[in-house]
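One structure below.
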Amino acid sequence: MSNVMDLTTLATQLDQATLRQEAAAQLTGQVTLDLATAYRVQAEGIRLREQRGERRVGLKLGFTSRAKMQQMGVEHLIWGELTDAMQIEEGGELDLRELIHPRVEPEIYFITRKEINSPLSLAEAGSVLEGVGPALEIIDSRYRDFRFTLEDVVADNCSSAKFVVGALQSPQRAIDNLGVVMNFNGRALQVGSTAAILGHPLRALVQIASLLHQQERTLPAGSVILAGAATAAEALYPRLHVSVDISGFGRTAFHTRGEL
Ligand code: OOG
Ligand code: MG
């Protein structure tokens, strides 16, 4: 399972699922897929998006909290790519007709100020940042019933679908233990703490720097990084106002339209 044609065939299945809003079968039910190959399928899927004119804008981490690992049954940190087409405007509208079975989760995001081209310690992590802020990630697994193995979810670009970010704050702000509340139409549905993200959200940056280094890659200044959800995800439905409130720090929101 290593020639380019096979990778393209697998990536195309997931890409078509995205474009047609139709869930697909797990790849691991069709071929033997190791983790390294799964990341190559992911890269091929991003190449297909770039061919359609999408531009890479950053990276996301997944399974950085116990709440998410437990919800999805995957106990391994994963990473995926973000493109410009995934970003929705703050306060904007998410059309559910573009998605399969979307869920939303509260996160912290970073914008980098410098290229990341070497490993970083926790103490160094803040120094590469332009800022930090609250975010909501909309995930939409391309697999039936939102079920997958580690290799499947990696090949599927870690369920990435859309994201919305709030106002950028100074990277000096303390973000290690802030209350996080995610609301649906004003009602708190998920409550947690930023400490749920690897004990400290800045550790997401440490992980990204280490993964980039292992892959001999760099990340340009001005990139977006999603640190991973602080709580479990919630299924979206029409006519919702979704917000995340991070105590004493900031908030962001969007609303949903359309039918599922
Ligand atoms: C995979 C993506 C996980 C997170 O923040 O932990 C993720 C999924 O749950 O479908 O984005
Ligand atoms: Mg996430």
Side-chain angles (χ1 to χ4, degrees), residues 14 17-18 21 23-28 33 35 38-39 41-42 45-46 57-83 86-88 94 99-110 132-166 175 180 182 189-208 211 223-236 242-244 246 252 254:
L14 299 175
T18 312
Q21 298 99 41
Q26 290 187 9
L27 301 185
T28 53
L33 204 61
L35 194 55
Y39 275 106
V41 175
Q42 180 191 116
I46 295 301
V57 296
L59 298 170
K60 68 164 274 184
L61 279 175
F63 302 131
T64 50
S65 67
R66 293 245 31 104
K68 281 291 301 181
M69 290 185 214
Q70 271 159 5
Q71 182 178 34
M72 302 316 296
V74 174
E75 303 233 341
H76 201 288
L77 188 133
I78 58 177
W79 61 323
E81 305 264 355
L82 301 172
T83 73
M86 296 179 189
Q87 185 160 7
I88 56 176
L94 175 73
L99 301 164
I100 305 167
H101 39 206
R103 297 179 179 180
V104 62
E105 53 195 25
E107 307 217 2
I108 287 273
Y109 81 102
F110 305 109
V132 45
L136 287 162
E137 184 181 25
I138 295 101
I139 51 172
D140 193 31
S141 174
R142 265 56 67 171
Y143 300 114
R144 264 174 223 135
D145 306 321
F146 227 110
R147 284 170 53 87
F148 43 69
T149 65
L150 168 65
E151 292 77 15
D152 285 312
V153 68
V154 164
D156 186 28
N157 196 27
C158 309
S159 307
S160 305
K162 302 277 177 183
F163 65 95
V164 54
V165 301
I175 54 165
V180 176
M182 184 167 72
L189 273 199
Q190 288 287 341
V191 176
S193 161
T194 56
I197 306 165
L198 297 171
H200 191 315
L202 275 182
R203 288 217 175 87
L205 220 59
V206 175
Q207 290 291 340
I208 290 273
L211 286 162
S223 296
V224 183
I225 294 172
L226 287 178
T231 72
E234 291 285 344
L236 286 169
V242 181
S243 65
V244 57
I246 305 190
T252 193
F254 67 93

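Indexing begins at 1, ligand by ligand and atom by atom, following the structure's order. Residues: numbered from 1 along the sequence shown. Everything numeric here is computed off the predicted structure, so don't read it as measured data.
- Between Arg66 and Glu75 a salt bridge is recorded (basic side-chain N to carboxylate O distance below 4.0 Å).
- Expressed to the nearest 0.5 Å, how far CD1 of Ile208 lies from CG of Leu61 amounts to 4.0 Å.
- Around ligand 1, the residues contributing at least one heavy atom under 4.0 Å from the ligand are Lys60, Leu61, Gly62, Phe63, Lys68, Met72, Glu105, Glu107, Glu137, Ile139, Phe146, Phe148, Val153, Cys158, Ser159, Gly228, Ala229.
- Atoms of the protein (N, O or S only) found under 2.8 Å from the Mg ion (ligand 2) are Glu105 OE2, Glu107 OE2, Glu137 OE1.
- In terms of heavy atoms, Asn157 sits closest to Met86 at ND2-CE, 3.8 Å.
- Gln71 places a side-chain N or O within 3.5 Å of a backbone atom of Ala233 that can act as its donor or acceptor partner.
- Checking each of Leu205, Leu59, Val224 against Phe110 for a side-chain contact (heavy atoms from CB on, under 4.5 Å) leaves exactly one that passes, namely Leu205.
- For the residue pair Ser193 and Ala230, the shortest heavy atom distance occurs at O-CB, 3.7 Å.
- The CD1 atom of Ile100 sits 12.0 Å away from the CD1 atom of Ile139 when rounded to the nearest 0.5 Å.
- Atom CD1 in Ile225 sits 10.0 Å away from atom CH2 in Trp79 (nearest 0.5 Å).
- With values rounded to the nearest 0.5 angstrom, His101 atom NE2 is found 11.0 Å from Tyr143 atom OH.
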